[in-house]
Asker: 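First the structure, which I've put down as structure tokens, then a few questions once you've had a look.
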Number of protein chains: 2
Amino acid sequence: MLKISELAAKTGMSAHTLRFYEKNGLVSASDRSEAGYRYYNDADVRRAEFVKTARNIGFSLEDIGQLLSIRVDKKSHSCQDVTDITRHKLDEVNAKISELQSMQSTLQILLDSCCGGPEKATQCSIMDALEEGEFRAAEEN
Amino acid sequence: MLKISELAAKTGMSAHTLRFYEKNGLVSASDRSEAGYRYYNDADVRRAEFVKTARNIGFSLEDIGQLLSIRVDKKSHSCQDVTDITRHKLDEVNAKISELQSMQSTLQILLDSCCGGPEKATQCSIMDALEEGEFRAAEEN
DNA sequence: TATAACCTTAGAGTAAGGTCTAAGGTCAAT
DNA sequence: ATTGACCTTAGACCTTACTCTAAGGTTATA
């Protein structure tokens, strides 16, 4: 049975974060001492580590909540339920990458166009390009 | 002289957003009617469009503030001042892309490992992988 | 017994970039 | 003169994922 600071040390998440996750239903302590101290058993620790792993991969807390509800009752869920969440996340990540690559290419073009030296910015080609417009938005979500 | 809704229509930003940007020093109306209505002249419009362009590219509002302060006094700034901001933004974008590509590859591996079918999740290889851990964080900023 | 180091809670604050509301004033047309 | 569309402000609210604070209770050690 671990106290919150021990679970924090073990998982690399702060005690604050663990309490925050508890408030959001992601982790919990099966037991409490008489004084109200949280005590985490092995199953609690595994659940907390599952959360940490999912978070490391990049799942949102909401995604993790869904994964956890599958985890506690695997028999009632299919592999498709799991891949749906995973694929949805992958789609989001791919969309964000595209958006960033568009920014990347624009920024690179701007940098390539400018001398970047100590010359006065009165003739700076980056400033001129910004003045001109002509850049479409990198399409938010 | 445009009223705020006219500038909004012209730039594709909402009147709310224009007021918000004004509060943050990015745009402003050179004139006000007696009743306090904002009136934007040609220079104001060009500045607003500059902001829109920079935002489309992906610059933060703080970056845009810096670009604007160069813009209003180009003689006191060098091309290097401009490329510094641009390169810094490019570095950020590149870092974020790397992080997302790491997530992307993990998610793809997970998807490839799972049948994704109607089988019960009791043997789901994605769930197993999350249970195992072994994924390093995609290193936030 | 006293001190440090831990724990508890509710709730506020942070970043970033908006978005919206309330309560009210203004303007053009009918 | 009265609609309806527009404008003003301060300030609250949104998202996501924490992070911290205040005020107080507990536990272990010297």
Side-chain angles (χ1 to χ4, degrees), chain A residues 1-29 31-40 44 48 51-68 89 92-93 96 99-100 103 137-141, chain B residues 1-29 31-40 44 48 51-52 54-66 68 89 92-93 96 99-100 103 137-141:
Chain A
M1 300 290 255
L2 303 181
K3 283 194 286 189
I4 196 164
S5 63
E6 295 166 331
L7 181 59
K10 181 153 188 160
T11 58
M13 305 191 275
S14 75
H16 276 305
T17 296
L18 288 167
R19 289 193 201 94
F20 169 74
Y21 283 178
E22 180 175 310
K23 208 167 12 179
N24 287 273
L26 301 186
V27 303
S28 61
D31 290 303
R32 293 277 187 140
S33 75
E34 283 200 7
Y37 285 27
R38 290 170 178 81
Y39 281 103
Y40 299 90
D44 296 334
V51 169
K52 180 79 189 309
T53 300
R55 200 193 60 173
N56 281 167
I57 291 172
F59 285 108
S60 68
L61 301 192
E62 194 189 330
D63 292 334
I64 296 173
Q66 289 178 39
L67 291 168
L68 285 168
K89 186 73 204 173
E92 274 179 21
V93 167
K96 193 74 189 168
E99 191 187 318
L100 287 166
M103 286 186 206
E139 224 47 74
E140 285 294 323
N141 298 304
Chain B
M1 300 290 254
L2 302 182
K3 281 193 286 188
I4 195 165
S5 63
E6 295 166 332
L7 181 59
K10 182 153 188 160
T11 59
M13 305 191 275
S14 75
H16 277 305
T17 297
L18 288 168
R19 290 192 200 96
F20 170 74
Y21 283 178
E22 180 175 310
K23 206 166 17 179
N24 287 273
L26 301 186
V27 301
S28 61
D31 290 302
R32 292 277 187 141
S33 74
E34 282 201 6
Y37 284 28
R38 291 170 177 80
Y39 281 102
Y40 299 90
D44 296 334
V51 169
K52 179 78 190 309
R55 198 193 62 172
N56 279 167
I57 291 171
F59 285 108
S60 68
L61 301 193
E62 193 189 331
D63 292 334
I64 295 173
Q66 289 178 40
L68 285 169
K89 186 73 205 173
E92 273 178 22
V93 167
K96 194 74 190 168
E99 191 187 318
L100 287 167
M103 286 184 207
E139 224 49 73
E140 285 296 323
N141 300 302

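Within every chain, numbering begins at 1; the chains are lettered A, B, ... in the order of the sequence lines, protein sequences first and strands thereafter. What's counted below: heavy atoms across the whole structure, side chains too, no hydrogens, waters or symmetry copies. Everything quoted here is computed from the prediction, not taken from an experiment.
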Asker: Just to be sure I understand the rule, does A:Arg38 reach a base, reach only the sugar-phosphate, or reach nothing, if contact means heavy atoms closer than 4.0 Å?
Answerer: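 It contacts sugar-phosphate atoms only.
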
Asker: Answer with base, sugar-phosphate or nothing: what part of the nucleic acid does A:Tyr39 contact at a heavy-atom distance below 4.0 Å?
Answerer: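 The answer is nothing, as A:Tyr39 stays clear of every strand by at least 4.0 Å.
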
Asker: A:Glu6 has an atom CD; how far is it from atom P of D:dT27, in whole Å?
Answerer: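 Computing the A:Glu6:CD to D:dT27:P distance gives 14 Å.
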
Asker: On DNA chain C, compare the nucleotides closest to B:Ser14 and B:Lys3; which residue's is nearer the 5' end?
Answerer: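 On the 5' side of the pair lies B:Ser14.
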
Asker: Of all the nucleotides listed (C:dC6, C:dC27, C:dT9), which has the minimum atom distance to the side chain of A:Arg32?
Answerer: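 Out of C:dC6, C:dC27, C:dT9, the nucleotide with an atom closest to A:Arg32's side chain is C:dT9.
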
Asker: If you take atom types as modelled and just measure distance, does the side chain of B:Tyr21 reach the base of C:dG18 with a donor-acceptor pair under 3.5 Å?
Answerer: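 Between C:dG18 and B:Tyr21, which were checked side chain against base, a qualifying N/O pair under 3.5 Å is absent.
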
Asker: Of the non-hydrogen atoms in A:Leu18 and A:Val27, which two are nearest, and what is the gap between them?
Answerer: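 Nearest pair, atom of A:Leu18 first, then A:Val27: O-CG2, 3.4 Å.
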
Asker: Could you check which of D:dC18, C:dT9, D:dT26 has an atom nearest any side-chain atom of A:Arg55?
Answerer: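 That would be D:dC18.
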
Asker: Can you see whether A:Ser60 engages A:Asp63 through a side-chain donor-acceptor pair at a distance of less than 3.5 angstrom?
Answerer: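 Yes.
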
Asker: Return the nearest nucleotide to the side chain of A:Ser5; candidates are C:dC7, C:dT26, D:dC18.
Answerer: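 The listed nucleotide nearest to A:Ser5's side chain is C:dC7.
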
Asker: Rounding to an integer number of Å, can you tell me how far B:His16 NE2 sits from D:dC7 P?
Answerer: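 Taking atom P of D:dC7 as the reference, NE2 of B:His16 is at 11 Å.
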
Asker: Starting from P on D:dA22, measure out to CZ on A:Arg19 and report it in whole angstrom.
Answerer: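 After rounding, the gap between these two atoms is 16 Å.
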
Asker: Between B:Ser28 and B:Glu22, which heavy-atom pair has the shortest distance, and what is it?
Answerer: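 Residues B:Ser28 and B:Glu22, closest heavy atoms: CA-OE1, 4.0 Å.
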
